[in-house]
Each structure stands twice: as structure tokens, then as C-alpha cells.
Amino acid sequence: MPTVSGVMQHVSQTPTCCQLWMKVLEGPVIAESADEENQDNQDVDLDTTAPEDWYYTSDHDGTLDVYKEEDVDDIPDHPSEARFTEQFIGLAAKILGAQNTLFESMEAVETAKKESMWAPFRTEGEWELARFLMKNIGQTKMDEFLKLNIVRESGVSFENARSFLKRVDKLRTGPAWTCEIIDVCGDIVSEDGRLKHEEVELWRHDPVECVRELMGNPAFRDVMSYVPERAYADANGETHIYDEMWTGNWWWDVQSKLPEGAVVAPVILSSDKTSLSQFSGDKKAWPSVAGYRLFHHSMALLLRPLANAGREGREMICADGYIRCVHPILAAYIADFPKQCLVACNKESQCPCCLVQSNKRGDLEDWESRCMADTKFDAEGLHAVFDPFWKDLPFTDIFACLTPDILHQLHKGIFHDHLVQWCTSIVGEKEIDTRFQAMTRYPALRHFKKGISSVSQWTSTEHKEMQRVFVGLLAGAVDDRILLQRHTDTTLAAMEESLKTFHAHKHVLVELGVREDFNVPKIHSMQHYVTSIRALGSADGYNTEYPERLHIDYAKDGYRASNKRDYVEQMALWLQRQEAMYYKSAYLAWRKPRAVGLESGCKGNARDSETHIGDPARSAAVKAHYKVAKIPPHHQVSVNSIESDHQAFEFLPALEHFLVSQLGRKRVIRPIRSDQFDVYNYLYVTSGPSVIAGHSQSFQKIRASPKMAAHGRKAETPTRFDTVFMMDRERMWVAQIRVIFRLPDQFGTFVHPLAYVEWFTTLQRRDPATSLYVVTRSTRNRRCNASIISIDRIDRVCHLQGRCGREISKDWSVDCILEKAASFFVNSYIDLDTFLSLE
């Protein structure tokens, strides 16, 4: 079972696995305290459940078991990610035979010609140089580079760009480019009284051959699905999961309409125009030419092979080496709103998906979906287009194919163009800027040093960064009615409920004079999100951000590589060569392990990788989910320096308590002020991988660094003591890391570095307006509640936002807000992993 899908199918079909998962899912639930008065008391006694009483466990093979006070059962990293599947009823993906895959055929040709895997290049080093040149250097600079003496003396087999490109052209490529000339009759009358004509070029691939290439690429072997399935989060099948397209209703429905044994190959289309050069506004490239009728005629020519292949199917070699009958069928069309109207042939004053009246788009009402049969053009706001390109495509409802546009509708539209502007008009531009300037830091979170009013050009990156902190940032500055509570976005029911909540409270913005009405197309478009997700899976798979990014790869870079004359043909050749390099790279990734007799595939995740800390003898075969420097940068730091520079005023008592809890009072050497410690500036903890959040493993940097004075041209570095989440069995705690250090040998051998942390109160009280958890600094006997803990107990970074009233305090800044604020929001919106853990 090398894939997640294989594991999930095994669990769903094996009773033993199901029973084990059900035991996990029936774990204890921690009830929230209803006594909110006690939650505001900063004197919290954590003696009975305090995190410093954690029991140390380790995955190592050493002898630290003497530190255990009792055994703790292992709990799966992501017990909430259980997945149960229902297989399609009927025969699908019937195997018709077996044949060599694309890469196996390339290997056979190599063997027959007695060539090396690097051919037409001599060695691996020459191949790596070729890949670098094709990706980064134009032909003129390439000639200059290859004529350098140091390059010639290295024995490279190509001496100039021409000989190099001849070798590139020997590589295998995908479907060939073809150019078709279209004679366009315009609507402008010439001097002789006739309508003007113009010939335009349509450059295209055969879409069926493109599908054949993708289906047969062995690189996709472990991530390709040939049969639809229904996925559930519970064994009873009550909670449906929609993520990949094969879990959506569309694939299941289309599969039931095809002959037995067929395979559905969903086709996703996207189109847009882009400026090819920064200064020449007349040079633009479209995947198809502009204009309603010309666009549809061009797309009809482009997609003509799909019509017959979708009905009758084509035998194709799949990535696993088996031959199946594949039906390529249009499933989704990714485009922004104007392009959606172009594709659907409707006016931009109308919705391309339903028959909502143009003046009713701000209301939450159910409207009849558009239908491809019995269309009334004027009544339904459609343009009369002769033979739309989708007319003859089988099993295709073009109006249902138009997917949510997250980039333009949500990030740029609802959030930036509307929500931010509404809130700014209520709070004031200066107050919004000040709050962004004082926002606490978080790994990979952009800090707006000058606020947001000075940002002149916005991208989806800035929009996402603002969204991660916006709820907590507004708290206190606006009327609580503006902050609509959002319980969860992990289910479609919650999405619908959130939209209903917005419409139920939108009158507040009218009462405050922010809006007169909400007849906004982007607000109406959100009504179609749930239907689209149920049909095609998670909406992030159809984000226009992805094809817009391809403007750079497929259009702009190709234009820059041309001589700007007859550039379209040169762009096609450049793309073909880039594709050839990709094929070779993918082939070598598959071929190299076979050459040395190894099996390709994952060897485990980095959470289980060996991490060496300091002396190898101290860390014999330790497996951990963190990384630190092999040698701490600060040696023999005194206790006085730790207390003053790191503000760790309870360091000695906390260390003594830790040693007693681990070794017992009789075996402890009491720490004193003359002791010295090796101190780290930061550590990294792993995050993921996560099936639900949809990301692979990554590292988060956690800092515990004091203020560093300016040195030479290097500016002064402010203090940075990050906050983190820690897990104590099923309970989550928040703490601030002040010091990361290594325990000196005289106190005993402890395999992991340690951290001095200061605790916050438990996650029990939520703010009624934002639904965010509220915490304060925890105290014990009127002193800071601090502990020493092993850093392998750190789960992930935590983002705290200082709570303030209508106006933020003038002396708050990004460098001191954690010390100045009296209470904090635990920002569950900072990333999806945190949200899923807290909500």
C-alpha cells in the first residue's frame, strides 16, 4: 500500500482496521468550562495538570527509560483524518491488456542503441549543465558562456548554442504544435464597401494526445485514480468528504453513463489573455483569440478531437502499464467572471450559472440553474453565438463546468475590494495601519511595517496574509455585529451556514452607511460554491491563480526568449524544448533508481529522520521532529545573562523543579548562579504532512533570541521570543519560549535540548464576537508560571494577537506587544492546521 489512497481503501475494507479506527474516534472529549469568571483570574494554579509534569517519552534506542514515571499510550498524529471509501458499483477501468509505459519504451530504445541514460549528453554533469542553460540563459548569453575557456577545458561536447540546441532537439517531446490559419470577417467596412478580413493564427496541440501523454506518464502512477469513489469521514458513511475530483458526484454520475469498463479522464480547461512585454501594450497572447464568435470558433477547432473521443473512448496505455478505454470529457472550465460569461455566451449583467435577475444578486434566494436545452436568449441574458464550442461535447453541461474563482471572487473581490474597504471606512485608515504594524510575528507571515494603505499593488499573496490575521485585528475596533461568528469551514454545511449568517447580518453595514445594497456578482457567486464542490471536489483545485501563474511559464518567458519578430512560432519552439527537458528530467528520476538496483519511492518522512544534537554519544539514534544547530552559537552563558537578556527570571527554580521531577530529589545536583549553559537562538519543528490541509512536511522556525546590538552595517536586532503550542496527552497548551539550551553534563544526560517557557492560561474561554480563544499570562503565587520542558514536546508555532479596545495603545509595537498586552487572542485562522486543531 504505497499510497494514501491504497491505505484508505484497505482500512475501509478490513474490519479489524475499522474497529481500531473507531476506538480512536471514540476518545474522550474535553468539555469547556462554563465558569467564565474564573478564567479572567491570572493567578492560575496548574500544579495538578501543569505542563511541567509531562512524562518524558522518546523514540530513541538509548537508556533514558529511567526518566519515565509511567507509560503513555501512543496516539496517532491525525486521528481525525480517518477515511472510509465506497467503491463504484459496476465495472469501471477494465484492463484490456498490458504494454510498456512511455519510460519503459525509452529505456528499451536506450538498451537497443547501447546508449547511456544521459544521451544525447555524455555524462550526468553535462546533463545538469544543459538543464541549467535551458532554464536560465538565452541563446546570446549561452554562446558567450560556452566560449569561456573554463567551459571549453571541461570537455563539454557542445561548443555553442547551435550545437547545444541540436542535442536538445533530439530529446523526446510531447504532442507536436500545429498552426491553423483562420480567415476572420470583421464588422468594419473598408473603402471599397466590403467588410474587412484578417488572417489569424491558432496554435494548438491535439487535446486527445495531451490526455494520452498524461495518462501514460509513469511519474503519476501512485497518484492517479481510474475509478470514482465516495469518501467518508466515518465508518457509517454519514459525513461525505469532497477533496479530489474522483470523490465528487460528477465523476460518479458520468461513469454510470459510459459503457462498462470505461475510464473517465476529466478535462480541465482554462483561458486568459496576458501582456507579453512590459512596455509594448500591443503584444498580447490568448490561448484562443478574443471576440465571442471568433473565440468559440477557435475553441471548437481546438477541442474537435474531444467530441468523438469522449463518446467512443480511446485505448490508452496508463501510468501503471495497463491498457484501458479512456473517455476524455470536459469537466471544468477555470476562468474569471468576464471569461466565464464569454464561455457561457451570457451578458456580464447576468450570472453564468443560474437565472438570477440582475437586480437580485445581493439576496440569498434559490434560482433555477441554467440549462443547455430550450434556451431563451433574450429572457436569459445570452448572446446569440452560432455553434458554441461546447455544443457537441458529450456529457458536458457548460454552465455546471464553471468553477468557483477563489482568486478574483474571494481574495481580490469579496475580501479586498469589499470587506477591507468596508471595515476601513468604519475603523479608519490610520487605526487599521497601526494594528497591522503592531501585529505579532509568525513564520512565513508577512509583516506590514507601514500598514496596508501604502501598498500600491496587491497580489493574492498579500490578500491571503491579511486574511490570516483580519478577524483578531478587527476585534475591539468595530461593532461586534460586524464580526460574524464562523464555526467551521471543513464541511459544506458550515459554508452554507456562514453565507446565511452573512446575509442575515449584512443590514448592519447598510445601517452604518458603508453600503447601499449588496447587488454584487461576486457575492452572488458564493451561492454556487457548495454545488460545485459537491460535483467536482475541493475548490482550490480550480483556482485561477494557477493558470495565471502559467502566464509566466508558457507565455512571458517564451516571448522574452524570442527575438520579438515572428515571436509566436519561436515561442512554440521554445515551449517544445522546455517540454523535452521536462520529459528527460522525469525519465531520469524514474530511471536512476533502476540503474542502481533500488526501488523508487518514499523512504519515510522527516519526522522519523535521525537528528544529531551536539555530541553523537549524547544522542545515540534519537528520532525527533525538530532540528537545532549541531553546535550552540552561545557558549557558557551565565545565569545572570539568561535572566537579564532573555527575561527568564524564574530560570533557576524552574530548572531545579524539572530535575527533581525527572531524576528524583535524592539524585539531583541543585543548580546555582555560577552554572553556565550553552544556548541556541532558534529551533525548527516539523509540520505535517497532513491529508486534510493538503500539504507535505514543512519546517517552522521558532526563535528565542535576545536583543542584539548594531554591529558595522548590520542593524540592531530586536528581541524575539515566539509562542508555541504544546500537547499534554489530548490537551493543548500555549507557552512562550524564552531560552533554548543544552543541559550541562554535571546535571545528568538528557538527549534533547531543553527550553525555558512561560505559560498562558488554558484554552477554555472564547471571545463571543470572534469565536477565538482568549488567554492571559498564567501566574503562580503572583509570580510568572514558568517551566523547563524538553523541546521534543513542542507541537507547532502559535500566533497570539494582542486584545485592545477601540484604539490600539500607542506604545504597542511588533517588538513589545507580547509584553505589553494583558490578554491575547489565539489566532486559529493563521493556517489550516491550527484551525483544524482548535476548531
Side-chain angles (χ1 to χ4, degrees), residues 102 106 109 118-121 126-147 156-182 199-214 217 270-280 282-289 298-299 301-303 305 547-588:
L102 169 64
M106 293 170 67
V109 172
W118 313 107
F121 304 100
E126 191 169 291
W127 156 251
E128 290 177 349
L129 174 62
R131 189 170 56 177
F132 173 81
L133 293 175
M134 275 301 299
K135 184 177 181 180
N136 300 288
I137 301 179
Q139 293 189 34
T140 302
K141 297 295 182 182
M142 195 181 297
D143 272 326
E144 294 180 14
F145 176 81
L146 294 174
K147 289 177 181 178
V156 176
S157 62
F158 38 87
E159 58 186 15
N160 53 41
R162 183 177 180 182
S163 61
F164 166 69
L165 293 175
K166 281 184 177 181
R167 283 173 169 76
V168 174
D169 290 338
K170 292 180 181 179
L171 296 173
R172 189 194 185 285
T173 63
W177 284 96
T178 58
C179 178
E180 191 165 346
I181 305 299
I182 303 176
E199 290 186 344
V200 296
E201 297 177 350
L202 174 66
W203 288 80
R204 61 184 177 88
H205 285 312
D206 185 331
V208 176
E209 293 306 309
C210 292
V211 172
R212 189 185 302 275
E213 288 288 325
L214 292 171
N217 192 332
S270 178
S271 61
D272 200 2
K273 66 179 178 180
T274 182
S275 297
L276 295 177
S277 60
Q278 188 172 358
F279 304 105
S280 302
D282 61 326
K283 293 183 174 64
K284 294 185 179 181
W286 272 69
S288 291
V289 193
S298 301
M299 290 294 292
L301 294 175
L302 176 67
L303 301 178
E548 287 202 2
R549 174 62 180 82
L550 296 179
H551 285 166
I552 298 175
D553 297 334
Y554 294 165
K556 294 185 178 181
D557 285 350
Y559 176 76
R560 295 183 187 118
S562 71
N563 62 10
K564 315 302 185 289
R565 295 187 297 273
D566 297 325
Y567 55 85
V568 178
E569 183 175 359
Q570 295 178 54
M571 289 169 63
L573 179 59
W574 181 84
L575 284 171
Q576 183 170 300
R577 287 169 172 166
Q578 295 294 328
E579 189 177 52
M581 299 300 286
Y582 160 76
Y583 269 113
K584 188 66 175 180
S585 297
Y587 168 70
L588 290 173

Of the non-hydrogen atoms in Cys210 and Pro175, which two are nearest, and what is the gap between them?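 What the structure gives for the nearest pair is N-CG, 3.9 Å.
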All heavy atoms of Lys584 vs all of Ala119, minimum pair found to be NZ-O, 2.8 Å
In the structure I gave you, are the side-chain heavy atoms of [X] and [Y] within less than 4.5 Å of one another anywhere?
| X | Y | answer |
| --- | --- | --- |
| Leu102 | Glu213 | yes |
| Leu171 | Tyr587 | no |
| Glu126 | Trp118 | no |
| Leu575 | Glu579 | no |
| Ile181 | Glu201 | yes |
| Ser298 | Leu301 | no |
| Met106 | Tyr583 | no |

Who pairs with Leu214 by side-chain contact (heavy atoms from CB on, under 4.5 Å), at least two apart in sequence or on another chain? Phe220
Any salt bridge (charged side-chain N to carboxylate O under 4.0 Å, His left out) involving residues 157-170? Give me the pairs, sequence neighbours left out, ordered by first then second residue. Asp169-Arg577
Kindly state each residue pair satisfying salt bridge (charged side-chain N to carboxylate O under 4.0 Å, His left out) with at least one member in residues 131-144, sequence neighbours excluded.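 Qualifying pairs: none.
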CD/Glu180: more than 12 non-hydrogen atoms of other groups inside 6.0 Å: yes
From [X] atom [atom1] to [Y] atom [atom2], the distance as rounded to the nearest 0.5 Å:
| X | Y | atom1 | atom2 | result |
| --- | --- | --- | --- | --- |
| Met581 | Thr173 | CE | OG1 | 13.0 Å |
| Trp203 | Met571 | CH2 | CE | 10.5 Å |
| Met142 | Asn136 | CE | CG | 9.5 Å |
| Leu129 | Trp127 | CG | CH2 | 11.0 Å |
| Phe145 | Phe164 | CZ | CZ | 10.5 Å |
| Leu146 | Ile137 | CG | CD1 | 8.0 Å |

Check the angle between the aromatic planes of His205 and Trp177 and answer parallel, tilted or perpendicular using the 30° and 60° thresholds.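 His205 and Trp177: tilted rings.
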